[in-house]
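Since the structure comes first, as structure tokens, the remarks are kept for the end.
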Amino acid sequence: MASERSRKAERIRHVMATEGDSVERNALGFNDGRYESVARLEDYDAYKDRARAIKEDAIERLPELIEAVRETVEANGGTVYVASDAADANRYVRELARERAAETVVKSKSMTTEEIDLNEHLEAEGCAVWETDLGEFVLQVADETPSHLVAPAIHQSREEIATLFNERFEPEEPLETAQELTEFAREYLGERIEEADMGVTGANFVTADTGTIALVTSEGNARKTVAVPDTHVAVAGVEKIIPTFEDLQPFVELIARSGTGQDITSYVSLFSPPVSTPPVDFDDDEPIVDDPNDRNFHLVLLDNGRMAMRDDDQLRETLYCIRCSACANSCANFQSVGGHVFGGETYSGGIATGWEAGVHGQESADEFNDLCTGCSRCVNQCPVKIDIPWINTVVRDRRNRGADEGQLDFLVEGLTPDEEPAGLDLQKRFFGNFATLAKLGSATAPVSNWMANTPPSRLLMERVLGIDRRRELPTFERETFVEWFRNRDVPRPVDAEYHAVVYPDLYTNHVRTDRGKATVRTLEALGVAVEVPEVASSGRAPLSQGMIATAEDHAHEVSADLDPYLEAGYDVVVIEPSDLAMFRGEYERLLEESRYESLAERSYEVFEYVYGLLENGTDPTPLRGGDAARGVGSDIAYHSHCQQRTLELEAYTTAVLDQLGYDVVTSEVECCGMAGSFGYKSEYYELSMDVGDRLGEQFETSDTADRTVVASGTSCLEQLDALLSRQPRHPISLVAPNGSD
């Protein structure tokens with residue numbers, strides 16, 4: 001296992017060094033463009049809701065829609081073939097090429113043909129196959145695979161493409177500028193299109209009622225590929241079907257904005273086959289043939305595991321994907337390594353796990369699945385609102401359950417308090433059972449802290465568990481937060497209007513007890529009657545490792561522990577955003593509906609709760625403001641947690657700090673790169689730090705270098721502590737009244 005981790009770490013280092021700069025520049029550019037474009041779109045959320053509803057309906061009715069497409073396309077003179085798998089689809093297209101005596105085949109806009117390796121099969125038939133989209137053409141010349149769903153050559157710089165073209169084509173004058181490269185490709189591919197006997201495209205959407213093929217592109221070669229040859233073959237997954245032509249509208253509004261930040265792409269082409277455009281014969285004195293009946297159209301609808309995904313309650317949502325790449329562009333890990341690390345045989349980015357597991361098999365998803373840290377930033381960016389982190393978690397769980405028993409399983413079998421199979425990787429089992437480790441660490445502190453940091457211990461942890469020696473370990477407190485609250489001698493508020501439980505998450509209870517104490521002092525200063533009971537850990541740790549059964553056990557324990565307080569009218573105040581995300585998000589899948597709703601509706605992030613108190617008239621005077629005399633200046637550089645942003649809670653923290661007199665600058669970087677256990681793992685340490693460097697740089701600018709750094713999440717605080725020379729603080733420490741209790 002240690003050698004496997006070393007191999008993976010080396011692969012990540014290599015790709016970051018060779019492709020990272022180009023991937024980062026382009027992915028961040030697309031992501032920034034998306035923010036700007038969707039901000040200009042009125043009713044953006046309504047479009048997403050409608051798009052989601054259309055896809056849900058289409059996948060539910062998929063068998064009947066396939067038959068509807070067959071009827072409409074054949075009524076228009078085309079042919080529909082439903083291919084059961086890749087081999088079936090390739091056989092059909094290959095026989096068609098043989099029948100049409102196709103010597104040259106041109107292609108455009110088809111990730112699905114990448115999935116089935118169609119080029120290789122056509123070349124085996126003797127066809128010269130040419131990709132006509134610029135990015136795909138670059139990869140064809142370079143003999144590389146795509147690294148992005150929309151911009152397949154995102155990892156290539158202009159200089160690299162120039163070198164590639166100059167070496168391969170030996171032009172009279174060396175190509176250097178983007179314009180020169182584009183003009184060369186246009187002329188070269190134009191000649192290939194002129195001589196083409198068959199054109200192959202994919203389809204962004206297929207409308208069942210009209211048989212229309214919709215292609216959304218930034219280049220015009222898709223139209224040429226369709227119109228010039230006398231035979232057009234469209235290869236599309238069955239999930240591309242939507243019920244009606246009118247259903248295209250929300251997707252046209254969303255797909256370009258989500259993918260590349262354009263309000264609309266350069267070309268939205270709608271073909272109701274067979275197209276009425278007559279075929280073109282460039283060898284004829286009159287190249288335009290007036291008889292459109294000479295044109296052939298074939299729609300190959302590909303199953304290749306999709307119908308099985310449709311019947312799989314956990315993977316079904318994958319089929320709602322419109323291949324826009326918003327999940328990849330918004331993913332901090334993808335921004336550093338691209339699809340050649342964060343991707344499988346065909347697909348890349350967060351949604352790739354579902355696609356690869358569904359069409360290529362579980363093993364294809366295993367290699368990169370852990371690169372999804374469950375931060376949830378992609379969920380709000382997805383135009384059809386797919387819960388991508390959950391799909392990744394499910395696939396991770398299935399991998400865990402399919403793991404072979406290892407040589408060290410006897411060390412953990414029967415000893416770990418989880419519901420996982422004995423063959424589960426020791427690293428995952430260790431991090432998934434952090435609750436047990438935290439209890440042991442506090443019970444034996446400070447000895448546990450000393451022992452964990454001895455060189456032999458760090459070496460053993462790195463070799464056996466893959467915990468990187470460069471990462472500072474948490475320091476456990478002997479007195480837990482719960483114990484502190486139980487032992488303190490402080491009068492409780494009498495006749496309080498508000499009653500709240502402060503949820504003792506693992507880190508607050510065992511490591512960063514200071515933020516728990518500050519939360520209690522803050523709420524009590526605002527007149528809230530507070531309780532801090534012993535409550536089970538949320539299950540975030542096991543869920544992050546794909547240990548769903550164990551996480552479900554935690555969820556039921558938390559619900560049982562908090563139910564009496566909820567029934568008594570208490571609110572639940574949560575300090576750690578990832579735990580609140582569990583209560584409001586994943587618990588919907590782990591608990592029965594009534595118990596989930598009860599907890600989700602009454603749980604609040606700490607600053608969300610404080611903001612609500614102040615808005616309802618509570619006097620803020622007891623809270624500390626931005627006063628330099630107490631050791632903290634009023635200038636703050638603030639970074640919110642990923643899941644805090646997904647839950648749209650960041651504004652509550654900044655609003656409270658503003659009201660108390662702080663001058664707050666917030667980070668534009670969305671992820672710190674630590675992501676819980678991810679940043680501790682030796683195979684991902686360099687990637688974690690590479691992502692973190694973006695945040696570190698933002699807090700070292702002329703406007704932020706002298707500000708107090710504040711972060712809401714445990715992982716964020718740990719990462720910033722490693723990145724910066726000044727120690728970051730939790731924002732609750734800035735507002736809590738002083739106290740010695």
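Throughout, residue positions are numbered sequentially from 1 according to the sequence presented. The basis for the numbers below is simple: all heavy atoms, side chains too, and nothing from hydrogens, waters or symmetry mates.
- Salt bridge status for E367 with R7: present, with a side-chain N to carboxylate O gap under 4.0 Å.
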* **Residue pair R377, S330: steps toward the side chain to side chain donor-acceptor pair (under 3.5 Å) verdict** => CA-CA 7 Å; R377 291 299 301 138; S330 63; over 6 Å; no
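- Residues R34 and S258 come closest through the heavy atom pair CD-O, 3.4 Å.
- In this structure, T708 contributes its side chain and I636 its backbone to no donor-acceptor pair below 3.5 Å.
- For the atom pair CD1 of I12 and CZ of F368, the computed distance is 13.0 Å after rounding to the nearest 0.5 Å.
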* Test F137 against F184 for ring pair (Phe, Tyr, Trp, His ring centres under 6.0 Å), laying out the working first. => CA-CA 12 Å; F137 177 59; F184 171 82; 7.5 Å; no
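- No donor-acceptor pair under 3.5 Å is formed between the side chain of S37 and the backbone N or O of G33.
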* Determine, step by step, whether R398 and L315 satisfy the side chain to side chain contact (heavy atoms under 4.5 Å, CB included) criterion, reporting the C-alpha distance in whole Å, the side-chain angles of both residues, the deciding distance to 0.1 Å, and the verdict. => CA-CA 12 Å; R398 293 177 181 180; L315 292 185; 3.8 Å; yes
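- Shown here for A185 and F165, the closest heavy-atom pair between the two residues is CB-CE2, 4.4 Å.
- A donor-acceptor pair is defined here as one N or O able to donate and one able to accept, closer than 3.5 Å; no such pair exists between the side chain of R158 and the backbone of L181.
- Under the 30°/60° scheme for interplanar angles, the aromatic rings of F699 and H639 are found to stand perpendicular.
- S640 OG to E650 CD: the interatomic distance, rounded to the nearest 0.5 Å, is 3.5 Å.
- E356 places a side-chain N or O within 3.5 Å of a backbone atom of T346 that can act as its donor or acceptor partner.
- Contact check on D370 versus R399 returns a salt bridge, with a Lys/Arg side-chain nitrogen under 4.0 Å from an Asp/Glu carboxylate oxygen.
- Here the side chains of K240 and R323 are in contact, with some heavy-atom distance below 4.5 Å.
- Of all non-hydrogen atoms in Q545 and G432, the two that sit nearest each other are CG-N, 3.7 Å.
- Taking the six-membered ring for Trp and thresholds of 30 and 60 degrees, F205 and F251 have ring planes inclined between 30 and 60 degrees apart.
- Atom CD in Q381 sits 4.0 Å away from atom OH in Y35 (nearest 0.5 Å).
- Between the K681 side chain and the G466 main chain, no donor and acceptor come within less than 3.5 Å of each other.
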* Carefully, step by step, assess S682 and R5 under the rule side chain to side chain donor-acceptor pair (under 3.5 Å). => CA-CA 7 Å; S682 57; R5 294 189 184 109; 5.0 Å; no
* Would you sort out whether L543 and W390 count as a side chain to side chain contact (heavy atoms under 4.5 Å, CB included), showing the intermediate values? => CA-CA 9 Å; L543 195 73; W390 180 256; 4.0 Å; yes
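- By the 6.0 Å contact criterion, CD on E159 is enclosed, its count of non-hydrogen atoms from other residues, nucleotides or ligands being greater than 12.
- The shortest heavy-atom contact between L139 and H155 is CD2-CE1, 3.6 Å.
- Looking only at distances, a side-chain donor or acceptor of K55 sits under 3.5 Å from a matching main-chain atom of E239.
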* Stepwise side chain to side chain donor-acceptor pair (under 3.5 Å) check, S157 with E160 -> CA-CA 5 Å; S157 67; E160 289 170 327; 3.3 Å; yes
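- Remark: T373 OG1 to N333 CG distance equals 6.0 Å, nearest 0.5 Å.
- Of all non-hydrogen atoms in E576 and T714, the two that sit nearest each other are OE1-OG1, 2.6 Å.
- Taking a 6.0 Å sphere around CD of E668, one finds it holds 12 or fewer heavy atoms contributed by other residues, nucleotides or ligands.
- D397 CG to N392 CG: the interatomic distance, rounded to the nearest 0.5 Å, is 12.5 Å.
- Remark: side-chain polar atoms of T132 are paired, donor with acceptor, to backbone N or O of K107 under 3.5 angstrom.
- One side chain, Y347 or E115, offers a donor N or O that lies under 3.5 Å from an acceptor on the other.
- Within the 4.5 Å cutoff, no side-chain heavy atoms of E19 are placed close to those of H14.
- For the pair E683 (side chain) and K8 (backbone), a donor-acceptor distance under 3.5 Å is absent.
- If you run side chain to side chain contact (heavy atoms under 4.5 Å, CB included) between I154 and each of P146, S348, S22, S147, only S147 comes through.
- At a threshold of 4.0 Å, the pair R52-E317 counts as salt-bridged, since one of the basic side-chain nitrogens sits closer than that to a carboxylate oxygen.
- Side-chain atoms of E670 do not come within 3.5 Å of backbone N or O of A332 as any donor-acceptor pair.
- At a threshold of 4.0 Å, the pair R471-E718 does not count as salt-bridged, since none of the basic side-chain nitrogens sits closer than that to a carboxylate oxygen.
- For the pair R458 and I467, the minimum side-chain heavy-atom distance is below 4.5 Å.
- Enclosure of atom CD in E700 by more than 12 non-hydrogen atoms of other residues, nucleotides or ligands within 6.0 angstrom is indicated.
- Distance check: T353 OG1 to D366 CG gives 9.0 Å after rounding to the nearest 0.5 Å.
- Shown here for Y638 and P731, the closest heavy-atom pair between the two residues is CE1-CG, 4.3 Å.
- With hydrogens and angles disregarded, no donor-acceptor distance shorter than 3.5 Å links the side chain of R469 to the backbone of M461.
- E183 and R186 are not joined by a salt bridge, as no carboxylate oxygen comes within less than 4.0 angstrom of a charged side-chain nitrogen.
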* Asked: T217 and R223: side chain to side chain donor-acceptor pair (under 3.5 Å), yes or no, with the steps?
  -> CA-CA 9 Å; T217 69; R223 292 182 177 180; over 6 Å; no
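- Between C321 and V384 the shortest side-chain heavy-atom distance does not fall below 4.5 Å.
- In this structure, a donor-acceptor pair under 3.5 Å is absent between the side chains of T225 and S108.
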